[in-house]
Novice: 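Please find one structure pasted underneath; my questions will follow.
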Number of protein chains: 2
Amino acid sequence: MRFQKTTEYAIRAMVYLAKHPGQRLSTRSLHESLDIPYKYLGRLMSRLAEAGLVSVEHGKHGGYQISENRDSIYLYQIAEEVEGLEDYERCILGFPDCSDEHPCALHDRWVAHRENIKAMLYETTLADLEEEPTKQP
Amino acid sequence: MRFQKTTEYAIRAMVYLAKHPGQRLSTRSLHESLDIPYKYLGRLMSRLAEAGLVSVEHGKHGGYQISENRDSIYLYQIAEEVEGLEDYERCILGFPDCSDEHPCALHDRWVAHRENIKAMLYETTLADLEEEPTKQP
DNA sequence: TAAATATACTACCTGAAAGTAGCATTTAGG
DNA sequence: CCTAAATGCTACTTTCAGGTAGTATATTTA
Ligand code: SF4
Ligand code: SF4
């Protein structure tokens, strides 16, 4: 019961960028600050840029930068881009199609938690997370 | 953000057994009722039996049976046996060692949900789940 | 005791996520 | 124009959860 490793990486990187607004940071620099494999991070950042979550500049002095409106970037957008949101609509027991109408014994217990986590993802922006340190305390 | 597939299988099987107390069900029968790969389920049930969560009989008319005291089998015991509980003590951003004392921006938001899910696992028994149907509603 | 029906054990196969490597492409700036 | 420094692209490798196969072992029952 956890995020994919890649989602963790994406959140770490995005929060780090959000804490350095106006700065354009290279993959190398992010790699060194966040301890994420260099090449793997490169592809990940590329995806996040393609999704419009960060801006990117090529060439010398290039790199990634958070958009100005980081109060409108929500965590769910990061999770959606990286691992999708399908798990949050899914049966906890893995049955392929099932409704809320005749729920099994676990359904209500699980759905409550699932909806809470969804709410966290849908209501938290990067701006909300700027108050405190990102790297190891 | 979900349980491992094997954990889903284990919960499905255990809840199904809990709904058939006093019956000794073979792997073949569980496989047909729950749509879990036969051989894979065999190994899984073997593990659950070894962990003492179900009783087992070999040979003809053998199979698995839930213990009488199914009101003292908690979901966390199943999760613990199958995928471990390490994820519930883990940093959401994947940092190796970190304390609650100087938390990062996400920490409090995440820990609250994590503790709620842990509480569900630690407070729900198989007996609690017997009220409603297990298979597809 | 022999056949039938079950679990237990061991080894191997598969697919997807994670990680690695090399080269192409873009841009700043002397 | 040329070089340095950056991202982008493509392909390969590794790791592990999930799944398959065959055989050994245990138990009931005729
Ligand atoms: S009712 Fe039960 S089987 Fe159906 S989706 Fe909910 S948890 Fe899954
Ligand atoms: S404070 Fe942040 S970095 Fe530390 S364990 Fe909590 S979520 Fe992870």
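A, B, ... follow the sequence lines: proteins, then strands. Residue 1 opens every chain. Because the structure is a prediction, the values reported are computed rather than measured.
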Novice: Any ion pair linking Glu89(A) and Lys118(A) (charged N to carboxylate O, less than 4.0 Å)?
Specialist: yes

Novice: For Tyr64(A) and dA6(D), give me the distance from atom OH to atom P, rounded to whole Å.
Specialist: 12 Å

Novice: Donor-acceptor check, side chain of Glu115(B) to backbone of Ala112(B), threshold 3.5 angstrom: yes or no?
Specialist: no

Novice: Determine the contact category for Tyr38(A): base if any of its heavy atoms lies under 4.0 Å from a base atom, sugar-phosphate if only primed atoms, P, OP1 or OP2 are that close, otherwise nothing.
Specialist: base

Novice: Among residues 21-30 of chain B, which ones have heavy-atom contacts with DNA chain C below 4.0 Å?
Specialist: Ser26(B), Thr27(B)

Novice: Mind calculating the distance between CZ (Arg2(B)) and P (dA17(C)) to the nearest angstrom?
Specialist: 10 Å

Novice: In whole angstroms, how far is the P atom of dA5(D) from the NE2 atom of His31(A)?
Specialist: 17 Å

Novice: Looking at dG8(D), dA17(C), dG19(C), which one has an atom nearest to any side-chain atom of Tyr9(A)?
Specialist: dG19(C)

Novice: Got a sec? Which of residues 39-48 of chain B come in under 4.0 Å of DNA chain C, heavy atoms?
Specialist: Lys39(B), Arg43(B), Ser46(B)

Novice: Has Arg12(B) got a side-chain atom pairing as donor or acceptor with Leu93(A)'s backbone, closer than 3.5 angstrom?
Specialist: yes

Novice: Return the value, rounded to whole Å, for the distance between atom CD of Glu81(A) and atom P of dA17(C).
Specialist: 14 Å

Novice: Taking Ser29(B) for its side chain and Leu25(B) for its backbone only, find out whether a donor-acceptor pair lies under 3.5 Å.
Specialist: no

Novice: Show your working on side chain to side chain contact (heavy atoms under 4.5 Å, CB included) between Leu17(A) and Gln65(A) and close with a plain yes or no.
Specialist: CA-CA 6 Å; Leu17(A) 284 177; Gln65(A) 185 173 359; over 6 Å; no

Novice: State which residues pass side-chain contact (heavy atoms from CB on, under 4.5 Å) with Ser67(B); sequence neighbours excluded, sorted by chain then number.
Specialist: Asn69(B), Ile73(B)

Novice: If the threshold is 4.0 Å, N to carboxylate O, is there a salt bridge linking Arg47(B) and Glu50(B)?
Specialist: no

Novice: Is the shortest side-chain N to carboxylate O distance from Arg90(B) to Glu8(A) below 4.0 Å?
Specialist: yes

Novice: To the nearest Å, how far apart are Gln4(B) CD and dT15(D) P?
Specialist: 19 Å

Novice: For nucleotides 26-29 of chain C, tabulate all protein N/O to nucleotide N/O atom pairs closer than 3.5 Å, reporting atom names and distance.
Specialist:
from, atom 1, to, atom 2, distance (Å)
dT26(C), O2, Gly59(A), N, 3.4
dT27(C), O2, Lys60(A), N, 3.2

Novice: List the residues meeting ring-ring contact (aromatic ring centres under 6.0 Å, His included) with Tyr76(A), not counting sequence neighbours, and say none if there are none.
Specialist: Tyr122(A)

Novice: Please, which pairs that meet ring-ring contact (aromatic ring centres under 6.0 Å, His included) have at least one residue in residues 49-68 of chain A, sequence neighbours excluded?
Specialist: none

Novice: Taking OP1 and OP2 of dG18(D), is either one under 4.0 Å from a side-chain nitrogen or oxygen of Thr6(B)?
Specialist: yes

Novice: Can you find a heavy atom in the side chain of Ile117(A) that is under 4.5 Å from one in the side chain of Ile117(B)?
Specialist: yes

